[in-house]
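Data first, discussion second: the structure below is written as structure tokens.
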Amino acid sequence: MTTLGSADTFKRQWLDGFVTAYGRTVRKVPDAYGVVRRAAPANPGKVAVVIGGGCGHYPAFAGLVGPGLADGAVVGDVFTSPSAEQVYRTARAADNGAGVLFGFGNYQGDVLHFGLAARRLAAEGIQSRTILVTDDIASGPATEPERRRGVAGDFLVFKIAGAAAERGYDLDEVHAVAAKANARTRTFGVAFGGCTLPGADAPLFTVAEQEMELGLGIHGEPGVRTVGRLSAAELADELVDGLLPELPPGDGRVVLLLNGLGRTKYEEMFVTYPRAHERLAEAGLSPVHSEVGEFVTSLDMAGVSLSILVLDDELAELYAAPCDTPGYRTSGAALTTVALESTVDELLTEEAPGTSLVDRVLTAGLRRIEENEAELGRLDAVAADGDHGIGMTRGMRAAVAAARREPDTVAGALLAAGTAFADAAGGASGALYGVLLAETGASLRGVAAREITTAQLADAVDRAVRAFCELGKAEPGDKTMLDAIEPFRAALREQAGSEVAQAWRKAASAAAAAAKETAHLRPAKGRAARLAQRSQGHPDPGAMSFSLLVTAVGEELERSAD
């Protein structure tokens, strides 16, 4: 480690390098040793999951920032808690307006500094909750779990919390499911050699060639017990034997994580893993998710830890959810999409007499998009990747299915539809249509469908368009869907004193005309901007899909008014 600079500069140097390498995913928090998602804050109404601790543990903590996992991470000096000021600045940068969940290992410095930051946020009206990870069985008795420290179980708890927040859980719900994951996670580790701090010329501790240290932590400290050097199978037995008596009851499903501490080769871990898997199977446990790699390291320490998370239905679903971060990503999206499409198909083929207004108008929009899917794809292929039609169909199908699960209120149905659209469609269009639906619904909270006036609807659309602009950063004339949305919004506002169906129809006509006019514009945002010249003469696919949707909705509103 002597070539990597001194302890005084190490934190700044590695964090700068990390952001340079992964600038497409994360950005540095101004004047802070923290990172947030590149577009943060970009998900209004989403709980922000902010994790952190000392550096030296990569990919924890900064490497776990990204969709499906953390919104931000703050890092201190090597094995040292970040300061309250650093935590506060990072939390403010990550906050989406729905509160902050802090997650970190149970160490006194972290508890104090994150606690001070939480108090400061509260004084500014920002709610927060804290989850202390306490998975290390070697650091305290089972009767006093609050004394235990957080080690590799950090990753498992953060993964659950991040997936819950991404799914739309509120702050108390995210905290509750993270606490449940923590209560069901146990870790036991072993070291073969100590780590060396930046600038130092010797490790913090040494291990004799024929010995191992059992029960080590992640801050360079030795274990609680020294044993003779074991074979890979014997080591797996030792770790499993320590964990099995500690596991809470469950239905047999578990996540099994074999974590390298920085110097142990992946090949060595793969040699150890089969015996651990076999032992769990013998005990009646089924590792439905297996992870082997580096998740929470200790600089260049030689050693491994074994973690087990006991699943239930909720935890299993959340752990399987997709995520994409510099340090960990999962392709669970494909499985999620298959399951979602199966559910959607079932819901869309059900007979639904007397369905809600939101169901009817969204279904009308879906049918119109399905009819025009190929044309939307053709328009998108002129200067982009041609998937707009497919994405819109996928998003609308999910939106309709979600609205049918939440038929009681307009606000609830639209919020569910927006969340489902964004999740299923993905990409920029998914996020932008998702916020339009969700923000429109938020403005209509407490209003029954039959009581909605044009003025209320215009207010709701105004709010949704403001959120859309804040998220997408587009302006009129950039050749995006905003070039159809803004004329629609303005026309609806002008008709605020008219009957709803009539006002909507006129606004939809304005959107349709504006969408066609985008053929004369050059794109300044999104993928199409790179091939702007090719796009001229063709209308923007996003503007066209918006005009198709609002036109179909208007026709359904007129039918309902007859």
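Values below: every heavy atom of this structure, side chains too, minus hydrogens, waters and symmetry copies. All values reported here derive from a predicted model rather than from experimental measurement.
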Go through the steps for Leu156 and Tyr319 under the test side chain to side chain contact (heavy atoms under 4.5 Å, CB included), then give the verdict. CA-CA 8 Å; Leu156 299 173; Tyr319 191 83; 3.8 Å; yes
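- Nearest heavy-atom pair across Ala233 and Arg275 is O-CG, 3.6 Å.
- Counting only distance, with no hydrogens or angles, the side chain of Ser139 and the backbone of Arg149 share a donor-acceptor pair below 3.5 Å.
- With a 4.5 Å cut-off on side-chain heavy atoms, Val304 and Val190 count as touching.
- Between the side chain of Asn96 and the backbone N or O of Ala98, no donor-acceptor pair lies under 3.5 Å.
- At least one side-chain heavy atom of Arg27 sits under 4.5 Å from a side-chain heavy atom of Val36.
- Pro59 is not listed as a side-chain neighbour of Tyr328, based on a closest heavy-atom distance of 4.5 Å or more.
- Ion pair Arg253/Asp313 flagged as a salt bridge, since at least one NZ, NE, NH1 or NH2 atom sits closer than 4.0 Å to an Asp/Glu carboxylate oxygen.
- Asp135 and Thr187 form a side-chain donor-acceptor contact under 3.5 Å, judged by distance and modelled atom types alone.
- Within 6.0 Å of the CZ atom in Arg229, the count of heavy atoms belonging to other residues, nucleotides or ligands exceeds 12.
- The backbone N or O of Gly68 sits nowhere less than 3.5 Å from a side-chain atom of Asp324 that would complete a donor-acceptor pair.
- When all heavy atoms of Gly150 and Tyr107 are compared, the closest pair comes out as O-OH, 2.7 Å.
- Between the side chain of Glu144 and the backbone N or O of Pro141, no donor-acceptor pair lies under 3.5 Å.
- Atom-to-atom distance recorded for Leu280:CG and Leu306:CG is 7.5 Å, nearest 0.5 angstrom.
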Criterion side chain to side chain contact (heavy atoms under 4.5 Å, CB included) on Asn182 and Thr134, from CA distance to verdict: CA-CA 7 Å; Asn182 181 58; Thr134 56; 3.1 Å; yes
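- Side-chain contact between Val26 and Phe18 is present, with heavy atoms from C-beta onward closer than 4.5 Å.
- Minimum interatomic distance between Asn259 and Ala152 (heavy atoms only, all atoms of both residues): ND2-CB, 3.8 Å.
- Note: Glu166 CD to Asn43 CG = 6.0 Å, rounded to the nearest 0.5 Å.
- Between His289 and Leu311 the shortest heavy-atom distance is CD2-CD1, 4.4 Å.
- By the 4.5 Å heavy-atom criterion applied to side chains, Met269 and Thr272 are not counted as neighbours.
- Judged by distance alone, with hydrogens and angles left aside, the side-chain atoms of Thr80 form no donor-acceptor pair with the main-chain N or O of Gly76 at under 3.5 Å.
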Could you walk me through whether Val151 and Ser305 pass the side chain to side chain contact (heavy atoms under 4.5 Å, CB included) check? CA-CA 9 Å; Val151 286; Ser305 62; 5.9 Å; no
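- Note: Arg92 CZ to Ile126 CD1 = 4.0 Å, rounded to the nearest 0.5 Å.
- Using cut-offs of 30° and 60° on the angle between ring planes, the pair Phe114 and Phe104 is parallel.
- Here the side chain of Tyr266 pairs a donor or acceptor atom with the backbone of Glu294 at under 3.5 angstrom.
- Between His57 and Phe61, the angle of the ring planes goes over 60°, which puts this pair in the perpendicular group of the 30/60° scheme.
- Proximity of a side-chain donor or acceptor of Thr185 to a complementary backbone N or O of Leu309 within less than 3.5 Å is not detected.
- Enclosure of atom CD in Gln108 is not indicated, since only 12 or fewer non-hydrogen atoms of other residues, nucleotides or ligands lie within 6.0 angstrom.
- Arg148 has no carboxylate O lying under 4.0 Å from a charged side-chain N of Asp136, or vice versa, which leaves the two without a salt bridge.
- To the nearest 0.5 angstrom, Asp71 atom CG is 12.0 Å from Thr90 atom OG1.
- To the nearest 0.5 angstrom, Glu282 atom CD is 10.0 Å from Leu244 atom CG.
- Environment of OH in Tyr273: crowded, with over 12 heavy atoms of neighbouring residues, nucleotides or ligands closer than 6.0 Å.
- Between Leu132 and Glu146, the closest side-chain pair of non-hydrogen atoms is not below 4.5 Å.
- For the pair Tyr433 and Met392, the minimum side-chain heavy-atom distance is below 4.5 Å.
- Pairing each heavy atom of Gly215 with each of Ala138, the nearest pair is CA-CB, 3.5 Å.
- Remark: the backbone N or O of Gly66 is paired with a side-chain donor or acceptor of Arg37 at under 3.5 angstrom.
- Look at Glu291 and Lys159 and you find no salt bridge, because none of the NZ, NE, NH1 or NH2 atoms lies under 4.0 Å from a carboxylate O.
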Glu470 and Val435: CA distance, side-chain angles, deciding distance, side chain to side chain contact (heavy atoms under 4.5 Å, CB included) verdict: CA-CA 10 Å; Glu470 290 172 3; Val435 78; over 6 Å; no
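- When the options Asp77, Val87, Val75 are evaluated for a side-chain contact (heavy atoms from CB on, under 4.5 Å) with Pro82, the one that passes is Val87.
- Using a 4.0 Å cut-off between charged nitrogen and carboxylate oxygen, Glu314 and Arg184 do not count as a salt-bridge pair.
- Annotation: the span from Asp170 atom CG to Leu101 atom CG amounts to 11.5 Å, rounded to 0.5 Å.
- Inter-residue side-chain proximity for Asp16 and Lys28 is flagged as met; some heavy-atom pair is nearer than 4.5 Å.
- Note on ring orientation: taking the six-membered ring where Trp is involved, the planes of Phe155 and Phe295 are tilted (angle from 30° to 60°).
- Leu69 and Cys323 get closest at one heavy-atom pair: CD1-SG, 4.0 Å.
- Put simply, the side chain of Ser290 never gets that close to the backbone of Leu256: no donor and acceptor are under 3.5 Å apart.
- Classification of Arg120 and Glu85 as a salt-bridged pair holds, one side-chain N sitting under 4.0 Å from a carboxylate O.
- Between the Arg186 side chain and the Leu247 main chain, no donor and acceptor come within less than 3.5 Å of each other.
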